Asks: 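The structure under discussion is supplied below as structure tokens; questions concerning it will follow.
Here is the naming used below: chain letters follow the sequence lines, and residue numbers restart at 1 for every chain. On a predicted model such as this, the values are computed, not experimentally measured, just so you know.
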Amino acid sequence: MKRWRSRGRGMSMTSILVLMVVCIVAVALTGCMILFISRYQRAMEQSAKTSSEQAVEQVASVVGSYTRDMNQAMAMLVEALEEEEDPDAFFDNFLKIRPDVVAVTRYDSQGELLDCWALDRQPREHILENLSFDKRLLESGQESSISAPHAESIFEGYYPWVVTMTQKIDGEDGESWLALDLSFFNISSYINNVGIGQHGYCFLTDTGGSIVYHPQQQLLYSGIKNESAEEQLASRDGNYTQEDMICSVKDIEGSSWRVVGVSYVDELVTANVAVMIQIALTIVAAVLLVTAVSSLILSGVLSRPLHSLSNEMEKFEQNAAEYTYHPVKGAREVGALSDAFGHMVVKIQDLMAKVREEEINLRKTELKALQAQINPHFLYNTLDSIAWMCEQERSADAVQMVHALATLFRISISKGHELIPISKEIEHAKSYLQIQKYRYKNQFSYTFNVDPACEEFYCNKITLQPIIENAIYHGLDLMVEEGRIDVTVRQDGEDIVFTVEDNGVGMSQEQVAHMLHREPGDRTGIGIKNVNDRLRIYFGEGYGLKITSELDEGTCVEIRMPKVKRGEYGEK
Amino acid sequence: MARSKKMRAVLLALALSVGLLCACSAVSTPVTTQKHRVALVVKSTETEFWKSAFAGAKAAATEYNLELSIRGPETEEDYKTQNEMIGQAVEDGAEALVFSAIDYENNVPAIEAAAQAGLKLVAIDSGVASDKISTYIGTDNYAAGKMAASAALQSGESQICVGLVNYDANSANGQEREKGVREILEQLDNVEIVQAMNVFSIAENARIRTEAMLKQHPEINVIIAFNEPTSVGAARAVRDLGLEEDVWLVGFDSNVETVDLLQSGVVDVLIVQNPYAMGYLGVESAYKLLAGQTDEVESTVDTATVLVTRENMFTPDCQKALFSFAGW
């Protein structure tokens with residue numbers, strides 16, 4: 001018989017459960033995290049752009065007010081030139097309160113230096129090249145301008161970097177020009193402190209795109225660094241994202257300068273996003289861990305009890321009779337299974353015991369029946385009778401007795417079959433009665449009333465004879481009058497019913513009850529109990545003997561069996 | 001039963017280690033690295049050249065978040081003090097040394113001792129005879145010498161008599177420049193190097209000795225001075241003797257005085273170096289070496305020189321080279 005091995009076939013419940021749960025959780029979490037992080041990244045980028053814009057706007061506004069301020073100062077100086085009696089004192093005071101103004105110079109309509117006001121300094125005798133005044137202005141027709149940054153070239157030993165604001169003055173003596181040389185004193189202190197993020201910064205350019213002021217101007221002038229945002233310098237106002245850099249550009253109102261803000265996506269966005277991703281991954285790992293552990297615990301609750309249950313079943317399979325069941329604890333369903341199994345074990349063990357008992361019974365009764373086929377007592381008594389008849393020269397009677405005896409034993413044996421046709425059983429009974437009648441010297445009489453339709457059916461052999469024997473020995477033997485035995489065989493629905501009635505001494509109720517449980521001694525043969533047992537073993541609990549009796553009146557034994565045709569026994 | 005127990009134990013161990021790793025990496029992101037210490041030891045601290053170098057070095061130190069110490073002896077001949085200063089820097093816990101050696105040979109012991117102590121070495125402006133240096137950042141002095149020689153030939157004279165005013169003969173860069181000058185001039189027939197002298201790197205000393213040289217050799221019509229103090233001294237001498245018209249002066253480096261005198265005609269050519277870049281790149285290289293980015297550090301970095309004359313000195317590029325943009 002092939003043993004069914006379930007191990008190694010398919011995955012265990014534990015792994016399926018854990019895998020499924022972990023997968024679902026992982027997928028869900030990953031989806032959420034990706035969504036969240038992409039949203040977050042976008043938000044951070046937006047925020048970086050906004051902060052860049054805001055910084056630039058602020059710088060633009062401050063520098064704008066500075067240039068407006070300087071324009072006003074210029075206007076004031078022009079006025080002073082025209083109206084003041086002592087413009088020198090005025091200019092000196094002006095220079096004292098404005099430390100960002102390096103020098104104020106005046107030029108005639110040819111661009112020659114007329115005056116120069118500066119704190120504690122005089123211009124050189126021979127100025128090699130005056131960078132503060134661009135002679136091209138004379139032809140351009142412009143009234144005012146602001147220069148690109150340059151070194152101050154009119155003093156000895158003093159070369160600060162300045163931008164020059166120039167203004168044309170139409171005076172009574174003709175055209176002249178006033179120039180203010182501004183150092184980056186004010187602008188630098190403001191712009192150097194503007195930061196966007198940790199590494200972002202702002203710088204100023206002119207409309208042409210060349211740098212006016214940059215917090216790292218010396219680095220640029222030394223050629224160490226290039227301002228990579230220069231490409232953007234000619235563009236319009238707005239935000240430009242370029243690789244890892246965000247540039248914001250804004251024109252300064254009222255001046256030809258523009259502010260450019262540079263910030264790094266890296267630090268503003270990427271670093272933050274990286275941190276978020278790390279946090280997200282940590283959360284995912286933690287959640288997965290918790291999920292896995294709890295799945296394991298859960299399946300432990302389910303699968304371990306089931307395992308023990310299946311182990312118990314194997315143990316039971318191997319040694320059913322000796323097995324005692326110890327209930328397996330677990331979830332409710334497992335408990336129900338376990339209980340059901342326990343009951344089943346008990347039932348099976350009961351059934352097994354019962355079957356064994358019945359087998360034993362059957363063997364016993366068959367053995368007895370086998371033994372009784374040849375009853376020694378009966379045999380030698382009958383042979384004595386026959387011998388006596390022969391001595392009496394009643395040969396005809398002797399012959400009949402011999403025939404009856406032969407028939408009796410032939411049918412008793414019936415080639416070893418247990419089931420014989422009812423006709424034969426009746427013949428058996430008749431033969432027996434014949435013999436007994438002779439022996440009892442016609443103390444009794446008998447009748448047979450047989451429904452011919454019953455004769456083709458089969459029944460257990462040696463059914464009637466023990467009943468009749470019982471009727472004779474216990475019923476009629478003790479009677480004084482003539483006894484009588486009536487045997488009837490009839491159909492009753494699907495059953496055959498044999499009846500053996502006698503008018504003997506009868507039995508009390510206790511004796512009736514006792515009858516079916518009494519094992520007879522050798523003397524009388526197999527007995528009523530045997531007949532009953534065999535009938536019940538063969539045909540079931542519903543069949544067998546029923547005894548009714550009345551003291552001094554008689555006894556009636558009813559034998560019930562189902563209709564069995566030849567060869568049908570197996571089905572019934 | 002045993003199998004599932006083992007499996008559970010293994011899973012638990014794995015999970016714990018994963019958790020620990022995550023926690024560690026999450027924690028380690030905002031760690032602030034300690035500031036690296038870089039020592040800058042140069043030839044002196046008073047000339048505009050060095051002040052410009054300091055400005056560059058400080059800019060780099062700020063950008064890369066370094067602790068910078070600056071040292072230099074009083075005179076540019078005092079290599080002994082410079083050695084002591086290098087030793088001091090090592091004791092003070094510097095992790096990298098950026099230096100310009102006064103003496104090509106005699107600074108070697110201190111340098112090697114620093115290398116032994118595990119410091120990274122960056123040479124700027126002037127080299128030293130040691131192979132422990134990771135990089136040299138400075139002017140290509142030999143080429144600068146040749147540039148000076150070419151500038152000298154612009155004097156317009158047919159017969160050129162040259163006086164060389166050089167500084168410490170043990171200083172690598174001065175020697176290389178002179179080599180470059182001689183390379184060009186000695187080949188030409190119409191050029192004669194009348195006198196070459198080595199003076200102290202102090203303007204006053206240079207002035208006195210240049211005056212003496214000019215008095216001794218009145219035929220000299222070209223003077224080449226090899227660094228800032230010698231250029232200032234030589235210019236003063238030419239001015240004091242009233243020889244602007246007669247002497248074509250080629251000097252080195254940007255100094256307010258020589259720039260003034262360039263405009264007035266005393267000085268004719270200035271070979272302007274880029275000390276700001278030397279200081280900045282020197283410290284930046286030190287940082288890169290300390291941060292392990294050794295493959296980004298080249299063994300030689302040539303900081304450019306600009307030839308400045310009266311004609312081009314106020315062009316934007318020359319302005320940028322001559323005048324430093326800082327400190328109002």
Asks: Tell me if a side-chain donor or acceptor on W161(A) pairs with a main-chain N or O of F323(B) at a distance below 3.5 Å.
Replies: yes
Asks: Under 4.5 Å between any side-chain heavy atoms of L220(A) and F325(B), yes or no?
Replies: no
Asks: Pick one of side chain, backbone, both or neither for A286(A), based on which atoms fall under 4.5 Å of a heavy atom in chain B.
Replies: neither
Asks: Working to the nearest 0.5 Å, report the span between CZ of R310(B) and CD of E129(A).
Replies: 13.0 Å
Asks: Select one option (side chain, backbone, both, neither) describing which atoms of H150(A) are under 4.5 Å from chain B's heavy atoms.
Replies: both
Asks: Shortest non-hydrogen contact from F155(A) to D260(B)?
Replies: O-OD1, 4.3 Å
Asks: Working to the nearest 0.5 angstrom, can you tell me the gap between Y280(B) OH and S222(A) OG?
Replies: 10.5 Å
Asks: Answer yes or no: is there a side-chain heavy-atom contact under 4.5 Å between L322(B) and Y159(A)?
Replies: no
Asks: May I ask you to test the V256(B)-E156(A) pair for a side-chain heavy-atom distance under 4.5 Å?
Replies: no
Asks: With a 4.5 angstrom heavy-atom cut-off, could you sort out which part of L219(A) is near chain B: side chain, backbone, both or neither?
Replies: both
Asks: Mark yes or no for whether R124(A), through its side chain, and Q263(B), through its backbone, hold a donor-acceptor pair below 3.5 Å.
Replies: no
Asks: For L128(A) and M313(B), what are the C-alpha separation, side-chain angles and deciding distance, and is it a side chain to side chain contact (heavy atoms under 4.5 Å, CB included)?
Replies: CA-CA 10 Å; L128(A) 183 60; M313(B) 68 183 285; 3.6 Å; yes
Asks: Please give me the minimum heavy-atom distance between E63(B) and Q216(A), naming the atom from each residue.
Replies: OE1-NE2, 3.3 Å
Asks: To the nearest 0.5 Å, what is the distance between CD on Q218(A) and OG on S324(B)?
Replies: 5.5 Å
Asks: Using non-hydrogen atoms only, which part of A59(B) is less than 4.5 Å away from chain A: side chain, backbone, both, or neither?
Replies: neither
